[in-house]
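Reading through the structure tokens given below for one structure.
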There are 2 protein chains.
Amino acid sequence: MEDLEKSRGGRPRAFDPEAALDAAMLLFWEHGYEATSLAMLREAMGLTPPQIYNAFTDKETLFRRALARYHDREISFALDALGAPVRTREAIRLLLLGAAQAYTRPGKPGGCLFISGALATSPQAQGVADALKAYRKATEAGIAARLAKGFAAGELPAGVTVEGFAKYLAGVMNGMSIQARDGASTEELEALAETALAVWPSEMQGSAILKDEADAGPFCRD
Amino acid sequence: MEDLEKSRGGRPRAFDPEAALDAAMLLFWEHGYEATSLAMLREAMGLTPPQIYNAFTDKETLFRRALARYHDREISFALDALGAPVRTREAIRLLLLGAAQAYTRPGKPGGCLFISGALATSPQAQGVADALKAYRKATEAGIAARLAKGFAAGELPAGVTVEGFAKYLAGVMNGMSIQARDGASTEELEALAETALAVWPSEMQGSAILKDEADAGPFCRD
DNA sequence: GATCTTCCATAGTGATCGATACGAAATCTG
DNA sequence: CAGATTTCGTATCGATCACTATGGAAGATC
């Protein structure tokens, strides 16, 4: 809802805004919001300061655009997993294994931008910290929403609440992001994910409808 | 091994270095290394810049001193838990529940300084990021060392390696730190910890020596 | 008490921060 | 082509960054 080629006249841009945004996203992902200076952005994006400010208003707006792009391009696996027509446990498994992949992509910074972007900030950047927190909370809420459907179908482990279990799973994902930052490999994160899923026995409930997982059943599909 | 009251003459200090260090630690904990400016430190420590530099050399040294103090004063629970004369599962339980407490202490910033201090940094602060990573790795190594003893005694869950399980547990702790930053309560983190421990059945092995947990058995004590 | 050493307070260092002023260049509209 | 509009490149802006030069003050040593 923005770059719809208005072209209301005037001198045309001499660069590709999306490519520039990608370069900025990678830099923010690597160094975080505050530690990424305009000088670094200028070099990585191949632009002059006025070009950056004309196209993206200011540094904070550029960062928020990068967050949105990251959400759309780099972690679409999450929405896919939570919306997949599979049982609840398998959906969460896809989510965690997707995170293991996404947090260790070759050529990309390790971990998740929503965490690396900023955890502790200066008071001036509180708004940015809040925006990142909102993305993290949204992830947890997405997990909770998927779990709620599984809860109704009796698919959750005994002794957990939807919110509590969502907080555990979101916490595991956050922990995976830090482990990725600290050099963990894809395989190590996948093993971590499988261990985390061991709290959840594959065979649930007395209703032993285990076969045909790709078939109908207590699924979900927003 | 430092403040042993040399007093080699000269004008005495007009402030308490330990109190000043505590103030700096809290500020770094709250805002992270790079986002904490000297102006903020100056106000929080109640000192002038020359006082700070004379006592702590420079900002990075001050931060490293704060890290050491944090390790000694704020998270001694970790070494206590890993060295406690209890079964392996209980030791890890003490570790995770201790983290739930330490990450949500009233009057202290949420989460763990070793994570909030810096995850992504500017290239100039790479040394600080590495120091924090070393502390995180040391935690994981401490967990692995305790698990190794439990492994020899057959106390670990089936299908896990010592290193892999340590990475899971360290990851859960890291995730708890972020959840604490995002506002999770002590109780919520405790519930998260208990959920994480559900991967580990309380009754291990065929050898059903369950009673007298505080008694002898396949324990450990460095 | 003379001297040495260390710390204090004031003021300010060069460098870098995010963000712009300005006028020329390029394209669209009429 | 004339006018309007937008972006271009160059050269910065004031504010803040981590840090320090300087000279006087306070206590230890001889």
Side-chain angles (χ1 to χ4, degrees), chain A residues 2-21 24 27-28 31-66 117-118 120-128, chain B residues 2-21 24 27-28 31-66 117-118 120-128:
Chain A
E2 175 155 330
D3 291 334
L4 16 124
E5 303 295 337
K6 295 183 177 181
S7 187
R8 301 195 317 277
R11 180 172 176 172
R13 281 226 171 82
F15 62 95
D16 178 6
E18 293 208 344
L21 185 55
L27 213 54
F28 282 131
H31 299 289
Y33 172 69
E34 290 191 288
T36 301
S37 70
L38 253 315
M40 296 161 69
L41 288 167
R42 183 160 43 97
E43 179 173 356
M45 301 169 82
L47 302 176
T48 63
Q51 284 178 307
I52 297 177
Y53 283 89
N54 180 46
F56 303 102
T57 308
D58 59 13
K59 188 186 175 187
E60 178 168 342
T61 302
L62 173 60
F63 182 70
R64 297 181 112 103
R65 292 279 306 273
T121 67
S122 68
Q124 296 86 342
Q126 188 59 47
V128 164
Chain B
E2 174 155 331
D3 292 335
L4 20 122
E5 303 295 334
K6 295 183 176 182
S7 186
R8 301 195 316 275
R11 180 172 176 173
R13 280 223 173 85
F15 62 95
D16 177 6
E18 292 208 344
L21 185 55
L27 212 55
F28 283 131
H31 299 289
Y33 172 68
E34 291 192 287
T36 302
S37 71
L38 236 61
M40 297 162 69
L41 288 167
R42 182 160 44 96
E43 179 172 357
M45 301 169 80
L47 302 176
T48 63
Q51 284 178 305
I52 297 176
Y53 282 90
N54 180 44
F56 303 102
T57 308
D58 59 13
K59 187 185 175 188
E60 178 168 344
T61 302
L62 173 60
F63 182 71
R64 297 181 113 103
R65 292 280 305 274
T121 67
S122 68
Q124 296 87 337
Q126 188 59 47
V128 165

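These figures come from a predicted structure and were not determined experimentally. Below, all heavy atoms of this structure are taken into account, side chains as well, without hydrogens, waters or symmetry copies. Just so it is clear: chains get the letters A, B, ... in the order the sequence lines come, proteins before strands, and each one is counted from 1.
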Could you give the CG-to-C1' distance, from N54(A) to dG9(D), as a whole number of Å? 13 Å

Determine whether more than 12 heavy atoms belonging to other residues, nucleotides or ligands lie under 6.0 Å from atom CD of E43(B). no

Whole-Å distance between dC17(D) C1' and Y33(B) OH? 12 Å

Nearest whole Å is fine: how far is dT20(C) P from L38(A) CG? 11 Å

Please report the distance, rounded to the nearest Å, between OH in Y53(A) and C1' in dT12(D). 14 Å

Counting side-chain heavy atoms from C-beta on, which of dA19(C), dC17(C), dT10(D) comes nearest to T48(A)? dT10(D)

Could you check how far NZ of K59(A) sits from C1' of dT16(D), rounded to whole Å? 13 Å

Among dG18(C), dC8(C), dA25(C), the nucleotide that comes nearest once only the side chain of R11(A) is considered: dA25(C)

Both Q124(B) and P12(B) contact DNA chain C. Which one's nearest nucleotide lies toward the 5' end? P12(B)

Which part of the nucleic acid does S122(B) contact within heavy-atom distance under 4.0 Å: base, sugar-phosphate only, or nothing? nothing

F56(A) near the nucleic acid: base, sugar-phosphate alone, or nothing, with a heavy-atom cut-off under 4.0 Å? nothing

Can a side-chain donor-acceptor contact be found between E34(A) and S122(A) if the only test is distance below 3.5 angstrom? yes

Find out whether the Lys NZ or Arg CZ of K59(B) is both under 6.0 angstrom from the six-membered ring centre of Y53(B) and within 45° of the ring's axis. no

Keeping the roles fixed (side chain from T61(B), backbone from T57(B)), state whether a donor-acceptor pair exists under 3.5 Å. no

Is the distance from OP1 or OP2 of dT7(D) to the nearest side-chain N or O of Q51(A) less than 4.0 Å? no

Identify which nucleotide among dA21(D), dC7(C), dG9(D) has an atom closest to any side-chain atom of R13(B), counting heavy atoms from C-beta outward. dC7(C)

Whole-Å distance, M40(B) CE to dA15(D) P, equals 20 Å

Do the side chains of F56(B) and M45(B) get nearer than 4.5 Å, heavy atoms only? yes

Given dC19(D), dT20(D), dA18(D), identify the nucleotide with an atom nearest to the side chain of D58(B). dC19(D)

Base, sugar-phosphate, or nothing for P49(B), non-hydrogen atoms under 4.0 angstrom? base

Over how many whole Å does the gap from L41(B) atom CG to dC19(D) atom P extend? 11 Å

Give the rounded distance in Å between these two atoms: CZ of R42(B) and P of dA9(C). 13 Å

